[in-house]
Amino acid sequence: MKKILIFITTIALVGCMQKEVKFGDENLELRGTKLYYKNKLFTGVVTQEVPFTDRVIRIEYTNGVIKTQK
């Protein structure tokens, strides 16, 4: 029973982890207004380093659409 509980907890944590992908990844594809990663709607964060600075731009997506902040 303990092994099953550990397995289920591990699967839940891995499934809920947010994916982070760098801008320019060959698996990212914009189709119309939706972003896809490996032919699936992308949910996660796209990051891009700003040249000559220490800044990183982070854009969060949910089901291929930019997540709006409230």
Side-chain angles (χ1 to χ4, degrees):
M1 180 68 177
K2 186 176 179 182
K3 289 182 181 180
I4 293 173
L5 182 59
I6 291 171
F7 177 74
I8 292 172
T9 303
T10 304
I11 295 295
L13 288 174
V14 170
C16 294
M17 289 175 57
Q18 195 173 49
K19 186 181 297 186
E20 187 169 306
V21 178
K22 288 188 177 188
F23 182 79
D25 186 311
E26 62 186 30
N27 294 305
L28 282 175
E29 180 181 359
L30 186 62
R31 296 183 199 158
T33 59
K34 305 236 179 188
L35 186 66
Y36 288 79
Y37 184 76
K38 295 183 178 179
N39 294 317
K40 295 181 183 175
L41 287 172
F42 180 70
T43 297
V45 176
V46 175
T47 61
Q48 181 177 16
E49 294 179 15
V50 180
F52 309 110
T53 70
D54 292 334
R55 294 193 54 167
V56 175
I57 298 171
R58 296 173 51 85
I59 304 172
E60 189 171 350
Y61 286 83
T62 303
N63 294 323
V65 178
I66 293 176
K67 186 175 179 181
T68 57
Q69 295 184 350
K70 296 178 181 179

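- The line from CD of Glu49 to CZ of Arg55 is 13.0 Å long, rounded to the nearest 0.5 Å.
- In this structure, CG on Leu41 lies 6.0 Å from NZ on Lys34, to the nearest 0.5 angstrom.
- Residues Glu60 and Ile66 form no side-chain contact, since every pair of their non-hydrogen atoms from C-beta on lies 4.5 Å or further apart.
- Follow the hydrophobic side-chain contacts under 4.5 Å out from Ile57 and you reach Phe23 in the same cluster.
- When atom types are taken as modelled, the side chain of Thr43 and the backbone of Asn63 share a donor-acceptor pair closer than 3.5 angstrom.
- Annotation: side chain to side chain contact (heavy atoms under 4.5 Å, CB included) contacts of Thr33 (sequence neighbours excluded): none.
- Every side chain to side chain contact (heavy atoms under 4.5 Å, CB included) that Asn39 has, sequence neighbours left out, goes to Glu29, Arg31.
- In this structure Val21 satisfies the side chain to side chain contact (heavy atoms under 4.5 Å, CB included) test together with Lys19, Asp25, Leu28, Tyr37, Phe42, sequence neighbours excluded.
- Between atom CG of residue Leu30 and atom OH of residue Tyr36 there is a gap of 10.0 Å, rounded to the nearest 0.5 Å.
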